[in-house]
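Reckoned from all heavy atoms, side chains included, excluding hydrogens, waters and symmetry mates. Bear in mind the structure is a predicted one, so any value in this text is a computation, not a measurement. Start at 1 with the first residue, then count along the sequence.
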Amino acid sequence: MTVIPLTRCQFLIPFAELHSEIGGPTAALLAKFQLPTSFEEKADHYVPLLPAVRFATAAQQKQGLSEIAFRAAQRLSFEHLSEALRARVRHAPTLLVALQQICRWAPCEDTILQLWLEPSGESLKICSKLIGTEGISHLEISQWLQNIFVLHIVRQFAGASWSPRVIAFEALYAPSPEVQSHWPNTRFMSGQKASWIEVPVGLLSLANPANDFRPTPADHEPQSFGKDVVSALKLSLPSYLDQGGLTIMQAAEMNRPGIAGGPNS
């Protein structure tokens, strides 16, 4: 993989919190994967995505935390998205316009995240994919968050109780009975070409309850995230400044494509 994928610290924080709450040595495990050991005031900073997934996988396996991605997703809300993306949703006149905006601005959340809209009969699939991660294991951890943050955007228009008829994962993942009990009217699918949730076409014209359609500040194209190592290091550097900056080992970890799957990794 030539691109170093980055994600906002906000999406790593709930995994670290879950691990700490059951008494796990969170700082030591974060350090093992060359991640920042403190997240205070870092929600909008960036960390390498693949080590973050390795951390979440190890936390789940070492501490017996079943369905850690689902549990982390439960802690996230619309307010945890980046301000750039939230502003464009708040100012969109309809749900369709909001979805078109998040497709443009998705890299603000994960730098290699691609979102697109795909018609499917009387429904619309809101699809997401981490570009260049084919064949990497345990990406259902990220895909849960991808689907959940789209869900929260739809709920800004359709109401807090709205749930999709289908939640699909690109990963070969089957949710546990406990997870399915939280979504009694939702069908789960796995092994898809992308992750997606299904939205009825009739919802796309829903007006924005915020009723705030002012032009968004600096309404231009999203930030262009660099596709080289130096650009990724610059973007992630603020997350490590209180620890003395990035070490050579941390930089090397960012550029390592494989995700360890075993509990002793």
Side-chain angles (χ1 to χ4, degrees), residues 3 5-8 10-11 44 46 49 73 76-134 139-159 162-171 186 189 192-210 212-227 231 235:
V3 179
L6 305 176
T7 188
R8 287 176 57 238
Q10 179 62 72
F11 299 127
D44 290 321
Y46 290 89
L49 172 65
L76 295 174
S77 69
F78 177 75
E79 296 304 319
H80 290 124
L81 296 172
S82 65
E83 172 56 30
L85 197 146
R86 282 184 285 131
R88 281 151 184 85
V89 172
R90 286 196 302 265
H91 301 322
T94 65
L95 174 58
L96 177 59
V97 174
L99 295 176
Q100 291 169 337
Q101 285 292 303
I102 69 168
C103 288
R104 292 177 57 204
W105 290 81
C108 292
E109 309 300 324
D110 292 320
T111 59
I112 58 168
L113 177 61
Q114 182 180 18
L115 260 66
W116 70 95
L117 308 178
E118 193 171 292
S120 179
E122 296 300 313
S123 298
L124 184 74
K125 294 179 181 178
I126 311 171
C127 304
S128 63
K129 191 178 185 69
L130 295 174
I131 301 303
T133 58
E134 292 81 1
L139 282 181
E140 71 275 4
I141 286 176
S142 177
Q143 290 161 18
W144 253 118
L145 305 191
Q146 292 163 219
N147 281 331
I148 286 295
F149 100 64
V150 172
L151 170 75
H152 284 305
I153 290 168
V154 176
R155 283 179 171 175
Q156 297 301 300
F157 295 79
W162 180 84
S163 295
R165 291 191 304 174
V166 179
I167 297 179
F169 294 86
E170 183 182 357
T186 298
M189 300 178 66
Q192 302 295 295
K193 68 176 184 179
S195 299
W196 49 272
I197 68 170
E198 187 176 82
V199 177
V201 169
L203 296 184
L204 299 178
S205 60
L206 284 175
N208 194 335
D212 184 4
F213 309 139
R214 296 169 298 162
T216 53
D219 193 12
H220 47 67
E221 287 299 315
Q223 175 181 354
S224 177
F225 294 99
K227 295 185 178 181
S231 297
L235 196 58

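- Taking 4.5 Å as the limit, every side-chain heavy atom of Arg86 sits out of range of all side-chain heavy atoms of His91.
- In this structure, Arg88 contributes its side chain and Ala84 its backbone to a donor-acceptor pair below 3.5 Å.
- Side-chain contact between Glu198 and Leu124 is absent, with no heavy-atom pair separated by less than 4.5 Å.
- Distance check: Trp116 CH2 to Leu99 CG gives 14.0 Å after rounding to the nearest 0.5 Å.
- At distances below 3.5 Å, not a single donor-acceptor pair connects side-chain atoms of His152 with backbone N or O atoms of Leu81.
- In this structure, Ala158 and Leu206 approach most closely via the heavy-atom pair CA-CD1, 3.9 Å.
- Between the side chain of Thr133 and the main chain of Leu130, a donor-acceptor pair closer than 3.5 Å is present.
- Contact detail for Glu170 and Gln143: the closest heavy-atom pair is N-OE1, 3.2 Å.
- Residues Tyr46 and Thr111 form a side-chain contact, since some pair of their non-hydrogen atoms from C-beta on lies under 4.5 Å apart.
- To the nearest 0.5 Å, atom CD of residue Gln10 and atom CD of residue Glu79 are 10.5 Å apart.
- The CG atom of Leu113 lies 12.5 Å from the CG atom of Leu6; values are rounded to the nearest 0.5 Å.
- By the 4.5 Å heavy-atom criterion applied to side chains, Ile167 and Trp196 are not counted as neighbours.
- Looking only at side-chain heavy atoms (C-beta outward), Phe78 and Leu151 stay at 4.5 Å or farther from each other.
- Under 3.5 Å, the side chains of Arg165 and Ser123 contain a donor-acceptor pair of N or O atoms.
- The distance from atom CG of Leu49 to atom CD1 of Ile141, rounded to the nearest 0.5 Å, is 10.5 Å.
- Residues Trp144 and Phe169 place their aromatic rings such that the two centres sit under 6.0 Å apart.
- Side-chain atoms of Asn208 never come within 3.5 Å of backbone atoms of Thr94 as a donor-acceptor pair (strictly under, hydrogens ignored).
- The main-chain N or O of Lys125 is never found under 3.5 Å from a side-chain atom of Ser120 such that the two would form a donor-acceptor pair.
- Judged by distance alone, the side chains of Thr7 and Asp110 do bring a donor and an acceptor atom under 3.5 Å apart.
- Taking 4.5 Å as the limit, every side-chain heavy atom of Thr186 sits out of range of all side-chain heavy atoms of Val166.
- The two residues Ala92 and Val97 make their nearest non-hydrogen contact at CB-CG1, 3.9 Å.
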### Task
May I have the step-by-step check of side-chain contact (heavy atoms from CB on, under 4.5 Å) for Trp162 and Val154, ending in yes or no?
CA-CA 8 Å; Trp162 180 84; Val154 176; 3.6 Å; yes
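- Atom NE2 of His80 sits about 12.5 Å away from atom OG of Ser82, to the nearest 0.5 Å.
- Here the straight-line distance linking atom CG of Leu96 with atom CG of Leu117 works out to 7.0 Å at 0.5 Å rounding.
- Here the shortest heavy-atom pairing between Leu115 and Ser128 reads CD1-CB, 3.6 Å.
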### Task
I would like to know whether Cys127 and Gln192 meet side-chain contact (heavy atoms from CB on, under 4.5 Å); could you show each step before the answer?
CA-CA 10 Å; Cys127 304; Gln192 302 295 295; over 6 Å; no
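- Look at Glu109 and Arg8 and you find a salt bridge, because one of the NZ, NE, NH1 or NH2 atoms lies within 4.0 Å of a carboxylate O, short of that distance.
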### Audit row: Val150, Val199, side-chain contact (heavy atoms from CB on, under 4.5 Å) steps and yes/no
CA-CA 11 Å; Val150 172; Val199 177; over 6 Å; no
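- Checked against side-chain hydrogen bond (donor to acceptor under 3.5 Å, both in side chains), Gln114 has no partners two or more places apart in sequence or in another chain.
- Within the structure, salt bridge (charged side-chain N to carboxylate O under 4.0 Å, His left out) contacts touching residues 112-123 (residues at least two apart or in different chains) are Glu118-Lys193.
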